[in-house]
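In what follows, chains carry the letters A, B, and so on, assigned in the order in which the sequence lines appear, proteins first and then strands, with residues in each chain numbered from 1.
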Amino acid sequence: MQAARLFFTEKLLEWNQEHNSRSMPWKGEKDPYRIWLSEIILQQTRVEQGWPYYERFISQYPTANDLAAANEEEVFRLWQGLGYYARCKNMLAAAREISQTYLGRFPDKYEQINALKGIGPYTAAAIASFAFNLPYAVLDGNVFRVLSRFFGIDTPMDTTAGKKLFADLAQELLPKDKSAIYNQSIMDFGAVVCKPQLPECDTCPLQKKCAAYHEGTVSLLPVKTKKLQIKKRYFNYIIASWKDQIYIRKRTESDIWQNLHEFILLETAAPADSTQILSGTDFQQIFGEAAYETTRISKPFKQQLTHQTIHSQFINIAIDQPLEIPGYQLIPTASLDNFAFPKTITSFLQSKTGLLL
DNA sequence: AAACCGGGGTC
DNA sequence: GACCCAGGTTT
């Protein structure tokens, strides 16, 4: 076992020297703020998808103090389209913590880093090792996969016992004096060679001692137990306009898209056409007997989230006098760009069936 | 421990 | 359609 472990770390570092192919703007970066920002953006996000966001954030907010002082809505607009919006909110809170408690100087102790909002074990280990060369092994999707395959571990990774097992193993394997380069290597290796699908076992430098390769279980590892259920939801958006203004609100309930904005939402349990919506009790509760004119009805929009499929429809109506609608605010249509919206709404706004009344 | 949180890419 | 992505927080 010990021999396999030495073989593993040695070959991995060797592979990294020969194939340092994944270039990224934050590679070799030593500024903890920049490392932190990239790691937050890359949580559950592909490098190619997060890259442009990272560059925009760095250019807009070069330091933690800049981010701490930023206008919140502006930050959410910069994050718009990236998903998992709690990351953005937590990132702002952490930036303010760094600015106030640590006077703008990024903390350099693992426990302090781990205690920041939005930073968990993975991100703390990444910052600690990359920025401060502290001996903490990263454990992300790549590491789970590489370790489970090479060592032939079929313990489910999405359980408490599994996480501890893999975390302990990862920490034991870490060469303490090369934590930055080793952490970098194992994640690159998982992304380039030991990929989830169609891994390149034929040319893999670890093949000789890879348990899964010899047992023919590569495609079965890592093991997960939980299967997610996807529910369908039907969002009927009323875009009510009065003169050059429309009603929007910020989503604050514990639900998807927190801190993003939307139009007047009438959610139904099943698909509903515009006639049903406009004659429904939810609509009448808001608009009562107010006079309105239907100006446009959009095509159906569909968006796939991790746990939900959102079917949306947009109905434009024009009212002839302003109403007080609880929870909603009336804003100039021209100022829509100042607010962050979920993808399905920006898609609608950019489509031909948009707001042109 | 389980549920929840986006958007995009790949097969 | 299923799975995954430089995961973390809430319930």
Side-chain angles (χ1 to χ4, degrees), chain A residues 22 24-27 29 35-54 76 79-91 93-94 113-127 129-130 136-146 156-164 166-167 170 180 182-192 194-199 219-231 233 251 253-260 302-310 340-347:
Chain A
R22 260 187 135 197
M24 304 173 219
W26 46 82
K27 218 170 203 180
E29 179 62 60
I35 294 168
W36 167 61
L37 191 55
S38 72
E39 295 299 344
I40 299 298
I41 288 176
L42 266 54
Q43 286 171 4
Q44 293 295 284
T45 304
R46 288 166 187 272
V47 170
E48 303 75 39
Q49 188 186 359
W51 190 322
Y53 283 84
Y54 171 80
F76 271 97
W79 194 276
Q80 173 177 282
L82 197 52
Y84 283 159
Y85 298 93
R87 287 186 290 173
C88 185
K89 186 180 178 59
N90 290 331
M91 183 180 70
I113 299 169
N114 192 223
L116 292 169
K117 289 259 195 323
I119 295 186
Y122 164 76
T123 306
I127 297 171
S129 64
F130 296 158
Y136 292 89
V138 292
L139 184 55
D140 74 333
N142 293 303
V143 180
F144 274 116
R145 188 169 56 253
V146 172
M157 53 174 277
D158 57 350
T159 61
T160 305
K163 280 173 194 158
K164 176 164 173 41
F166 282 101
Y182 173 81
N183 278 339
Q184 194 75 251
S185 302
I186 192 168
M187 289 193 287
D188 275 355
F189 181 79
V192 175
C194 200
K195 300 177 290 185
Q197 300 160 316
L198 303 177
S219 65
L220 303 178
L221 298 173
V223 173
K224 280 190 182 180
T225 56
K226 302 179 177 68
K227 49 184 184 288
L228 76 160
Q229 297 183 23
I230 301 177
K231 58 182 173 186
R233 297 177 71 180
R251 291 179 63 88
E253 65 271 39
S254 63
D255 196 353
I256 58 172
W257 299 331
Q258 262 191 64
N259 292 293
L260 270 59
K302 188 174 94 165
Q303 183 177 14
Q304 189 61 54
L305 308 184
T306 304
H307 294 77
Q308 308 181 18
T309 306
I310 310 293
F341 292 95
K343 179 71 177 176
T344 201
I345 291 183
T346 55
S347 294

Span of DNA chain C in contact with chain A (heavy atoms, under 4.0 Å) |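 It runs C:dC4 to C:dT9.
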
Any side-chain heavy-atom pair from [X] and [Y] closer than 4.5 angstrom?
{"X": "A:T123", "Y": "A:I40", "value": "yes"}
{"X": "A:Y85", "Y": "A:N259", "value": "no"}
{"X": "A:Q80", "Y": "A:L260", "value": "no"}
{"X": "A:H307", "Y": "A:K231", "value": "no"}
{"X": "A:D188", "Y": "A:M24", "value": "yes"}
{"X": "A:M91", "Y": "A:W79", "value": "yes"}
{"X": "A:L37", "Y": "A:E29", "value": "no"}

Rounding to an integer number of Å, can you tell me how far [X] [atom1] sits from [N] [atom2]?
{"X": "A:Q49", "N": "B:dT10", "atom1": "CD", "atom2": "P", "value": "12 Å"}
{"X": "A:N259", "N": "B:dC5", "atom1": "CG", "atom2": "C1'", "value": "12 Å"}
{"X": "A:Q304", "N": "B:dG8", "atom1": "CD", "atom2": "C1'", "value": "12 Å"}
{"X": "A:I230", "N": "B:dC5", "atom1": "CD1", "atom2": "P", "value": "13 Å"}
{"X": "A:Y53", "N": "B:dG8", "atom1": "OH", "atom2": "P", "value": "7 Å"}
{"X": "A:N90", "N": "B:dG6", "atom1": "CG", "atom2": "P", "value": "12 Å"}
{"X": "A:Q44", "N": "B:dC4", "atom1": "CD", "atom2": "P", "value": "16 Å"}
{"X": "A:K231", "N": "B:dC5", "atom1": "NZ", "atom2": "C1'", "value": "12 Å"}

Most 5' of A:H307 and A:T225 on DNA chain B, judged by nearest nucleotide |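 Nearer the 5' end of the strand: A:T225.
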
Given DNA chain B, 5'-ward residue of the pair A:A161 and A:L260, judged by closest heavy atom | A:A161

[M] and [N], which share atom name [atom1], separated by this distance in whole Å:
{"N": "B:dG8", "M": "C:dT9", "atom1": "P", "result": "24 Å"}
{"N": "B:dC11", "M": "C:dA6", "atom1": "P", "result": "14 Å"}
{"N": "B:dG6", "M": "C:dT11", "atom1": "P", "result": "14 Å"}

Counting the atoms with a prime plus P, OP1 and OP2 as sugar-phosphate, which does [X] contact under 4.0 Å by heavy atoms, base, sugar-phosphate, or nothing?
{"X": "A:G81", "result": "sugar-phosphate"}
{"X": "A:T159", "result": "nothing"}
{"X": "A:I119", "result": "sugar-phosphate"}
{"X": "A:E48", "result": "nothing"}
{"X": "A:N183", "result": "nothing"}

If you find the nucleotide of DNA chain C closest to A:G118 and the one closest to A:R46, which residue's nucleotide is nearer the 5' end?
->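 Here A:R46 is the residue nearer the 5' end.
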
Taking atom types as modelled, is there a side-chain donor on A:Q43 or A:Y122 under 3.5 Å from an acceptor on the other?
->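 Absent: no donor and acceptor within the cut-off.
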
Reckon A:K343 has a side-chain N or O less than 4.0 Å from the OP1 or OP2 of B:dG8?
->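 Indeed, a polar side-chain atom of A:K343 lies that close.
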
Contacts to DNA chain B from residues 35-43 of chain A, heavy-atom cutoff under 4.0 Å, which residues?
->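 Under 4.0 Å from DNA chain B: no residue of residues 35-43 of chain A.
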
By ring-ring contact (aromatic ring centres under 6.0 Å, His included), which residues pair with A:Y136, not counting sequence neighbours?
->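 Scan of A:Y136 (ring-ring contact (aromatic ring centres under 6.0 Å, His included), adjacent residues dropped) gives A:Y110.
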
For atom NZ of A:K302, is the number of surrounding heavy atoms from other residues, nucleotides or ligands below 6.0 Å larger than 12?
-> no

Answer yes or no: are there more than 12 heavy-atom neighbours, outside A:E253 itself, under 6.0 Å from its atom CD?
-> yes

Which nucleotide in the list B:dC4, B:dC11, B:dG6 gets nearest to the side chain of A:L198?
->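 Per side-chain heavy atoms of A:L198, the pick is B:dC11.
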
